[in-house]
Amino acid sequence: MNESNDELTLNNYLPSQVEQKWQTHWDSFRAFSPNPSDKGDPFCIVIPPPNVTGSLHMGHAFNTALIDVIIRFQRLLGKNVLCLPGTDHASIAVQTILEKKLKVEGKNSEDIGREEFLKRAWTWKEQSGGKIISQLKRIGYSVDWERERFTLDEKLNEAVVEAFNILHEKKLIYRGEYLVNWCPASQSAVSDLEVEMQEVNGYLWHFKYPLISGQGQILDEYLEVATTRPETLLGDTALAVNPNDERYKKYIDKKVKVPFVDREIPVISDIHVDKDFGTGCVKVTPAHDPNDFAIGKRNNLKQINIMNKDGTLNINAGKFQDLDRFDARKQIIKELDNLGLLTKIENYKNTVPFSDRGKVPIEPLLSTQWFLKMDNISSSCLKELDSKKPTFIPQRWEKVYKDWLDNINDWCISRQLWWGHQIPAWYVLKQSEDSIDQNTPYVVARNEKEALSKATKEFGANFQLIRDKDVLDTWFSSGLWPFSTLGWPNTNDADFKKWYPNSVLVTGFDIIFFWVARMTMMGKTFTNNIPFKDVYIHGLVRDENNKKMSKSSGNGIDPLLLIDKYGSDALRFALLREVAGAGQDIRLDFDRKENTSSTVEASRNFANKLWNATKFVLINKTFSENYSLNESDEKYLDLSDKWILSKLNQLNTKVSNLLIEYKLGESAKLLYEFAWNDFCDWYVEFAKQKFNNKESHNRKISEKILIKVLTDVLVMIHPFMPHITEELWHKLQIKPEQILLSLQKWPVLETKYINSQIDKSFQELFEIIRLIRNLRVELGLKPSQLVPVYLISDNVELTNFLKTLIVDIKTFTKSSEVFICKSKDIDKNNFAKSFSGIIGDIEVYLPLNDFVNLEALKDRLNKDLQKVNSDIETLNKRISNKNFIDKAPKDIVEECFAKLKEGKLQSEKINKKLKLLK
RNA sequence: GGGCGAUUAGCUCAGCGGUAGAGCGCCUGCCUUACAAGCAGGAUGUCCCUGGUUCGAACCCUGGAUCGCCCA
């Protein structure tokens, strides 16, 4: 026994030690830094970059586990694999965090200025980003840290600037005044996707506008409207009715007066007015409501903005100026009531748009923003989807993606923030001007120098250039991620040439729109390629109460807590074996008092099992030369060797096929079953028999098989549990540290070993052994009490098989002796009072007349009889159905008859025995 | 309003046409020197309800219930 073995045999499994060791080695040996010129087909995943908003949660751990299994599996298949890590600057989220911190200091961003603010932001990024990276390393992520990227890296910023310029040159980017989703909390525009609809209990206020005569006289006639937002009446520029509404036809083109601001506005007709909503007559505020905006466009209405960017009312609100929007609402209601114009207040459930980040109601606000035209881009992606580009796994998400592309609106890409990619547009102001409005001319350029030359060319001299202060939506840069990280716009970059398009994108369904669709659109636009072949969509991690784990609800579980307790291998395996094929959410059980998780614990136990199985093999190793199984060993293989090799190779086929189809959970379960049940529970026990006999020729073969099977299964489990398998593989194969399991090859499939006859025989053997054990328990025998066993059957094939394994049966069942005979060879009367059972066509007797409680024996036989009879009954029912015989497949019918025959035989035997007992 | 998913053992979930499965938990017996983080044995189910298709339905189809999610 050599030293390295000593180390292993002495120690217990300590996950943290093993994991730290190999993480360090992988790092120092640059194990996962591929060269594009290395051999092997390319396989590439760029990881979904976590936001630098703090630390990782369980969802990240889940995503990481999934990606790493795929990546490590492909690496074992011999592909040239790149997995590229990185983080995202998360413009709005990080800015919000920083603003909050400033608030604690009693400051705001304006107080400290852009430069200082960005300095703080970078400091924050270093902290949070660093923490995230160290967490990812603790999970054992086999990514190339040398290629780590951050969305605000200089290189990636160049890509963003280039992308913006190209889009602008293609006339897909435009600047314009539109109604945008304004978040008064972050004081920025946000995209449609960052708006969350929430149902709230509100009111529907009914009030009336006085009609005025042609001469401008206020008449004693009114039109009544119903609205959930009465304060916007200050910005009304029309009332609208449905043209087919008989009640209102006569009012069309008449005028009414807006209370408080004394504006005369027309009554118009528009087909989109719902006759059944409220009174059927609606107020139209184009500057503050998307529907009204559309009505305004159709009818050439004025847009009057009554609000400031912080949600207070502006000068257009008259005497309500400076009031907060919600205070103004109360005040206006009160005053309408005083004027006798308020007619009704109804309770009303309505859905209000909320800012995803700011958690305050969105204000639709008229403002000048940058937009990306989507219809051409989205339709080219839809076209690609016809040929399954990309392929969604599971397939149902394809529809979600498609529907969104079908109904897409132009994308508002500018954000009134500082943290992010500043928009590469420069305004050209005459020396006398100092303000920028929507009509100010601008140039888009790669840099200030280019901007200057462009501007000079277009506008001559005497101007000043001012760069747009705004930044781009975070998802603009994320949309470029699959190729900006590989060197784009330099399409000659070796990484880009080798690994683009990526192989698969692995992400949660919650960002299909935000991210997946943006990447396909950007990818298609800039590279004329969908950026990844497959999209694997996984579910969310839910807590023990089936709630989504999130920071805001405070139910997140820190992955590191579980890693510290059980090891990263255990956490990974626990998450992975929960994965169903359908991409369902997974639930992680967790005891918040004890900080324990029985799911993860079970996986840790599995790791421990592998550890100890290896320990067993090493302890029993008798020689240290070449352990590989060679041709000449073949003829010495005994039945159990052949059986385990058959099982092993079946496992190999199944698991590699499943993994190629991304069926990760199923693979994990199969590996678990094989390693624990087939290998540890059975094969190792067979091996122990052979080890008892030191002279046995089989011993050496058995050692070789143990090592071979264990090695192969460790390789197959490696993608799931990389650390422990790396450790055990080294011990078992006696390899130096710089040779890594991570870089080995998937076990070669040896189909010649697959033998279904042996599988079946062993299945029968196990059932017989189980029956004997069962009988012993019922007899109340202690494990130390050895008793003889008789196996009686006329099935020669079976008895011959059992005879070769007689020693094993003896040990497995703690029998003093095992007799196998034909029924004619014995006198059953001698066994009348033996404890016995029947399985298949074999009868098992424990001839222990003294021990046997006759009543217990009768009970047992009656129980068996009952079961057999009920089986016979159902089988008879099926067979007596003529249709079944005619229509069911032949093999099913035959099987049915065979089972019936066997059942009847059993029933007969049991009856005979019962008779003997009387 | 439109769409998607879920409903199977006490719990978490597999199975998706041929006599109901796993892990955890539970019960019984074992410290059998690889492993008590273990071994052996055991108990436990109107497979949400309703019709229908089929020789045969947990599985396919109608309709419905409950829970959850997405979009408007």
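Here is the naming used below: chain letters follow the sequence lines, and residue numbers restart at 1 for every chain. Basis for what follows: all heavy atoms, side chains included, without hydrogens, waters or symmetry-related copies.
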Item to check | Watson-Crick and G-U pairing of RNA chain B, under 3.5 Å, as dot-bracket with | and [ ] | outcome: ((((((((.[[[[.)..(..]]]].(((((.......))))).....[[.[[..)....]].]]))))))).
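Between the side chains of Asp403(A) and Asn407(A), no donor-acceptor pair is found at a separation under 3.5 Å. In this structure, a donor-acceptor pair under 3.5 Å is present between the side chains of Lys690(A) and Ser640(A).
Spacing between atom NZ of Lys399(A) and atom P of G3(B) amounts to 8 Å, rounded to whole angstrom units. Atom-to-atom, CG of Asp591(A) to P of U12(B) comes out at 15 Å; the value is rounded to the nearest Å. For Leu781(A) and U32(B), the CG to P distance is 19 Å, given to the nearest whole Å. One atom, CG of Asp510(A), and another, C1' of C70(B), lie 11 Å apart when rounded to the nearest Å. Following rounding to the nearest Å, Asn620(A) (CG) and U33(B) (P) show an atom-to-atom distance of 13 Å. Put simply, CG on Asp276(A) is 15 Å from P on G1(B), counting in whole angstrom units.
Comparing the C1' positions of C60(B) and C27(B) gives an interatomic distance of 40 Å, to the nearest angstrom. Comparing C31(B) with G5(B), their C1' atoms are spaced 48 Å from each other, to the whole Å. Spacing between A14(B) and G56(B) at atom C1', rounded to whole Å, works out to 23 Å. Taking atom C1' in both U50(B) and U7(B), one finds a spacing of 15 Å when rounded to whole Å. Comparing G21(B) with C47(B), their P atoms are spaced 14 Å from each other, to the whole Å.
A donor-acceptor distance shorter than 3.5 angstrom exists from the side chain of Arg699(A) to the backbone of Phe691(A), with no hydrogens or angles considered.
Between Lys700(A) and Glu703(A) there is no salt bridge, since none of the side-chain N atoms of the basic residue sits less than 4.0 Å from a carboxylate O of the acidic one.
Candidate nucleotides C69(B), C55(B), U19(B) were compared by shortest atom distance to the side chain of Asn883(A), and C55(B) ranks first. Comparing G23(B), A34(B), C55(B) by their nearest atom to the side chain of Pro889(A) picks out C55(B).
Residues Phe513(A) and Trp475(A) place their aromatic rings such that the two centres sit no closer than 6.0 Å. Within the 6.0 Å centre-distance limit, the rings of Tyr401(A) and Phe392(A) are counted as a close aromatic pair.
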Next on the checklist: For nucleotides 37-43 of chain B, give me one character per nucleotide, 5' to 3': B if any protein heavy atom sits under 4.0 Å from the base, S if the only such contacts are to the sugar-phosphate, - if neither.
Outcome noted: BSSSSS-
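Residue Val400(A) is classed as having no contact, given no heavy-atom separation below 4.0 Å to the nucleic acid. Asn881(A) comes within 4.0 angstrom of the backbone, heavy atoms only, and of no base.
Residue Lys688(A) places at least one side-chain N or O closer than 4.0 Å to OP1 or OP2 of A34(B). In this model, the phosphate group of A34(B) is not approached by any side-chain N or O of Lys615(A) to a distance below 4.0 Å at OP1 or OP2. For U12(B), one of the phosphate oxygens OP1 or OP2 lies less than 4.0 angstrom from a side-chain nitrogen or oxygen of Arg587(A).
Screening residues 879-889 of chain A for side-chain hydrogen bond (donor to acceptor under 3.5 Å, both in side chains), with sequence neighbours left out, gives Lys882(A)-Asp886(A).
For Lys615(A) and Tyr13(A), the positive end is not near the middle of the six-membered ring at less than 6.0 Å and at most 45° from its axis. The cationic atom of Arg572(A) (NZ for Lys, CZ for Arg) does not lie both less than 6.0 Å from the six-membered ring centre of Phe720(A) and within 45° of the ring axis.
Residue whose closest nucleotide on RNA chain B sits further toward the 5' end, between Ile892(A) and Glu685(A): Ile892(A). Judged by closest nucleotide on RNA chain B, Thr874(A) is the one of Ile885(A) and Thr874(A) placed further toward the 5' end.
For Glu685(A), the CD atom counts as densely surrounded, since its 6.0 Å shell holds more than 12 non-hydrogen atoms of other residues, nucleotides or ligands.
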